[in-house]
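Notes to accompany the following structure.
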Amino acid sequence: MDDPRTWCGKGRVVAKRLSVVDVDRCVGCQACMFACVRRLGQGGLRGSRIRVASAGGMRKGFVVIVCRACPDPPCAHVCPEDALVRREGGGVRLKSERCIGCGNCVRACPFGAIEWDDEQEKPLICVYCGYCAEYCPYEVIELEEIGPSKDDAAEAGITLGDPRFRGDDGK
Amino acid sequence: MLEGDPLSRILFIDLARRSHWVETRPELFEEALGGAGIGIRLLEEECPQGADPLGPENPIIFSVGPLVGLFPVASKTVAMFKSPHNGELGESHAGGRSAVAIRMAGYGAIVIRGASTKPVYLVIEGDKVRFRDASALWGMRSGYTAGTVLRRREKGSGMRTIMRIGRAGEQQVSYACVITETYRHFGRLGLGAVFGSKQLKAIVISGKRNLPVSDRKAYRDAYDAIFQAATESELMKKYHQLGTPMNVLPLNTMGALPTRNLQSARFEGAEEISGERLAADYLGRRVACTHCPVACIHLAALRIPYPHDPYFYKTLMLGYDHELIYATGSMLGLTDVPGMLRLLDEIEIQGLDAMSTGVVLAWATEAMQRGLVTMAETAGLPLAFGDADAYIEAARRIVLQPTEFYRALARGVEYASSVYGGADFALAFGGNEMPGYHTGPACHLGYLTGARHSHLDSAGYGLDQGAVKKGEPLAPEKVAEALIAEERWRQVLASLVVCFFARGVYDPETVRKALAIAGMEWTRADLEDLGRKTLRRKYAFKGREGFDLEKVRIPARIMQTPSPAGPFDEKFLREAIRRYGELV
C-alpha cells in the first residue's frame, strides 16, 4: 500500500481516494481515526488524517471529514512553496521538506479536511491508502478508484456516465 | 508502562481554591492497572471516613486504563465517590467519548476535590484547566440545552467528552445521574447529586496525543484479533442487532420480567415494548462509544405532534435498552411506547437515573393503591400503572419537590418506605433500586452482594437461567461462589475499563497480550489477584461507611412473586450472603 497508485487501462495512472459512501450509516466509533494513527504503529488519535464528529450533537448523527482528492485542489493553489504537489487523478502529496508551515492549505480546504500537526508545524495530508476503510464496520467509507481527469478522459475517449470518469457525484 | 505513556498522571482539581496540579503515580497503575482498581485506592486516600456525600469532603474520581486509546472496546470511565443514595461505595461506569478523551488529555485519572461557591464548569484541554462561570446554565429546564450550549461554546468537536448534570443533579436528588454525549450516563448511585453539591454543572475534556506500544507489528496483529472478535464473532452479535432489548420477550416468556412493581413477572404488554417491536417501529439510528465498533446504543425516533398546531411536529431521538424498557415500561405497566419514550425524555431532561426513577414511581403507585399515600401526599396527582402522563408529571415533581412526599421520593424507595411504609415492596438492594431481571434467587443475590448493588456486578441472572436449563436446583453456597468468581473477574475488566459487553472477547489470555503491547507484563494469576484484592478493598470501604452484608434488607416481594428458578426463601438468601461475606 506504500504506493497508492495503480496502473490500468492504456498505461494511465488511475489514483485512489477515500469516498464517504453513506455518512448516515456512521455510528461515530472513530475506528477509522485510530486506524489512521495505528498505520504508523502508534496508538491514540494525534495525527489522524480523517475525522469523525457529531453533526451538532449525537442526536443528529455524524460527519466524516477526509480529503476527497479534488481534481483541482484549492490547497495546492495557495501553497506558496509548491509543497503540495498535485497527484495525477486528483489530490495532493506533501513534499514535507518544502513546507514552511504557513497553514494556508488548512484555511483553503472548504471541507476542513486538512488537520494540523502541532508538533511538526505541518499539515497532515491523507495518502489515500485506505487503511481506515478496512476498519469501518458499517461501510461508511471505502477506497475508490478514480478515473482520469476530464481532459484526459476526453483524450482517451471515456465519456460521461462511464464509471471510470471522475464526475462530480457530490460525495 | 512504556516511556511516554501518560497513564500514570493524575490530574487533581480543587474547586474551592480553583487550583489544579498533576501528580505522577506509576506505582499505583503498575499495581492496579486503572479504572476500578485505581479508583478504589484513590477513594480510600481521598474520602475521609464518615464523609458527608454531599459535602465538599466527598471526592469525585474518574479513572481510565492502559488499553484505552490502544484497543477497541476499552471505552469506559469509572467514577468513584461516596454515594449520596446509599451512603457507601458510589461507583458508576460510563462510555461515550469519556474514556478516550481523558486518556487523550494525558491522564489516567482525574480527582476533583472541594466545592465551588458558585456554579462552575470545568474545561480540561490537555494540560490546560479552566474554571468557567456556569451561573447562567444553572437552573436551565432541560439538560439537553446545557449540552448544546457547551458544544457551541467550547472547542474540540469529535474529540471531547461533555459530562453534565440536569436539574435533578442541581437539586441533589440522590439518584441524579451525570450524562455524557447525550446518550451515556454515569447513571447509578447519584454522581449527579455529588456534582450538584459542588455546584459543578459540567466538565468538558479533550486532548490529542499518541500512545507508544512495545512492538508495532504485534500491536497491529493483536488489534486485528480483538477487532475481528468484536465485530464478526457471535460473542457480541446480540449487542449489534436488537441490542439488550432482545431480552424483553424471553424474560417475559420465562416469567422473569418485573411488572407493576414486581407484583407479577409477566407483562401482558411485553410484545408492545419488545426489542423487536421497538426496532421495527422506532429504531432511527445506532450510535457507538468512541473506539467501539459494536454500536450498541439504539436510538428510537419518536415523532410527536403538537396538539394545538396542525402540521407541526417534533422528532425526539431517545436511547433505549433493556433496563430502560423494564424501568419505564413493564415496571410501570406502560404498553404505550410513545408514552414510555416521552417519560424517558423527561427523565433525560431532568437528569435522573432512569432505573431508580422507574422503580421509585412503581413503588409510589403501589403505595397509593394500598392507601399508604393519598392525593394529599402526591399534591393531587393520581398515580396509576399504565398512565404515562401522570408519571411524566411525577418525574418533574421528584426534581421540583413541591411536597414532603416528593422530597422523600427524591431519596429513593429505601428512604421513602421508611417514612410511608411499604418496605416489603420497596425494591431496593443495598439502597439501590432493582434492575430488570427476576430470574430467581441468584439474580437477587447478585444485587444484594454486588459491590455496586447492580445487575452488572456479577450477572446472577445467568446462574438462574443455567439452573432452569439444566433442571438442577441452586445451592446457596454454590451461588455465592459463582457470583464472587464473576465479580472478581469483572474487577479486572473494570480496571482495564473494558466494556462488560466485551467480556467474551477479553479473555485472560487476550488481556495478557494486550497489556504486553502497552508494556505491562501481567500473568493470569496477577490479574486474578488484582480482582480479588480490588473487590476486598471495595468491601472494606463499604464496611467502613456502615454497610453490613449480614443486615442487608431483603424486600419480601422478591420471594412472593414466582420466578423461573422456582421458589426461594430468606433462609436460602441469608446462607448465600453469609458465604459470600466469608469469601470476600
Side-chain angles (χ1 to χ4, degrees), chain A residues 1 20 22-66 111-113 115-121 124 129 131-141, chain B residues 5 67-73 75 96-97 100 103-104 144 147-148 151-152 156-160 162 181-184 207-213 215-217 219-220 223-224 227 230-232 240 284-297 299 315-319 517-518:
Chain A
M1 285 249 186
V20 181
D22 186 355
V23 75
D24 290 315
R25 282 174 64 90
C26 180
V27 297
C29 71
Q30 301 184 328
C32 53
M33 295 169 61
F34 286 101
C36 187
V37 179
R38 190 170 63 257
R39 187 180 64 93
L40 300 173
Q42 284 190 301
L45 287 173
R46 199 176 68 85
S48 174
R49 272 84 166 157
I50 183 168
R51 194 153 61 87
V52 175
S54 81
M58 301 256 175
R59 281 190 283 184
K60 302 212 167 77
F62 300 93
V63 292
V64 178
I65 303 159
V66 65
F111 306 102
E115 288 281 303
W116 193 250
D117 183 337
D118 292 322
E119 270 179 25
Q120 303 287 321
E121 289 288 335
L124 293 159
C129 72
Y131 192 66
C132 55
E134 291 172 29
Y135 292 87
C136 178
Y138 302 102
E139 294 153 6
V140 175
I141 46 176
Chain B
D5 189 321
L67 305 186
V68 175
L70 285 176
F71 289 100
V73 217
S75 51
R97 303 220 182 293
V100 169
R103 187 104 161 94
M104 291 296 98
Y144 290 128
T148 305
R151 208 157 39 234
R152 290 170 57 84
S157 171
M159 307 293 283
R160 65 194 170 184
I162 305 181
E181 287 68 82
T182 313
Y183 296 115
R184 297 290 88 192
K208 260 190 211 176
R209 65 176 56 244
N210 294 124
L211 299 169
V213 295
D215 177 332
R216 292 177 175 207
K217 171 147 192 335
Y219 173 41
R220 283 190 285 254
Y223 189 100
D224 288 350
F227 189 85
T231 48
E232 288 166 29
H240 278 281
R285 185 183 291 288
R286 274 173 48 202
V287 178
C289 295
T290 296
H291 218 172
C292 176
V294 178
C296 77
I297 308 166
L299 305 184
T315 302
L316 304 178
M317 296 296 282
L318 288 159
I517 301 289

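Every chain is numbered from 1, with letters handed out A, B, ... down the list of sequences.
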Identify the two heavy atoms, one from A:Gly43 and one from B:Tyr219, that lie closest to each other, and give their separation to 0.1 Å.
CA-OH, 3.7 Å
Does any backbone or side-chain atom of B:Thr231 lie under 4.5 Å from a heavy atom of chain A? Answer side chain, backbone, both or neither.
side chain
Aromatic plane relationship, B:Tyr223 with A:Tyr135 - under 30° parallel, 30 to 60° tilted, over 60° perpendicular
perpendicular
Using a cut-off of under 4.5 Å on heavy-atom pairs, state which of B:Arg103, B:Glu232, B:Met159 scores highest against chain A.
B:Met159
For B:Met104 and A:Leu45, work out which heavy atoms get closest and say how close.
SD-N, 3.4 Å
Residues B:Asn210 and A:Arg46: closest non-hydrogen pair is ND2-O, 2.8 Å
Among B:Met317, B:Arg160, B:Arg285, which residue forms the greatest number of heavy-atom pairs with chain A at distances under 4.5 Å?
B:Arg285
Correct closest heavy-atom pair for A:Tyr138 and B:Pro293 would be OH-O, 2.6 Å
At a 4.5 Å cut-off on heavy atoms, which part of A:Val37 comes close to chain B: side chain, backbone, both, or neither?
side chain
Side chain, backbone, both or neither: which part of B:Arg97 has an atom under 4.5 Å from a heavy atom of chain A?
side chain
Which atom names give the shortest non-hydrogen contact between B:Val100 and A:Phe34, and what distance separates them?
CG1-CZ, 3.9 Å
Can you say whether A:Arg25 sits under 4.5 Å from chain B via the side chain, the backbone, both, or neither, judging by heavy atoms?
neither
What's the separation between atom CE in A:Met58 and atom CG in B:Leu299, rounded to the nearest 0.5 Å?
10.0 Å
Short side-chain to backbone donor-acceptor contact, B:Arg216 and A:Gln42, under 3.5 Å:
no
How far apart are the closest heavy atoms of B:Ser157 and A:Ser54, and which atoms are they?
OG-O, 4.4 Å
Partners meeting salt bridge (Lys or Arg N to Asp or Glu O under 4.0 Å) with A:Glu139 (sequence neighbours left out)
none
Region of B:Arg286 in contact with chain A, defined by heavy-atom distances below 4.5 Å:
both
Tell me whether B:Arg220 contacts the main-chain N or O of A:Arg38 through its side chain, where contact means a donor paired with an acceptor under 3.5 Å.
yes
Measuring heavy-atom distances to chain B, does A:Arg59 have an atom under 4.5 Å in its side chain, in its backbone, in both, or in neither?
both
Of the listed residues (B:Cys292, B:Gly158, B:Cys289, B:Gly284), which shares the most heavy-atom pairs with chain A below a 4.5 Å separation?
B:Gly158
Residues, nucleotides or ligands: over 12 heavy atoms within 6.0 Å of A:Gln120 CD:
no
Among the options A:Asp118, A:Leu40, A:Asp24, A:Val52, pick out the one with the most heavy-atom pairs lying under 4.5 Å from chain B.
A:Leu40
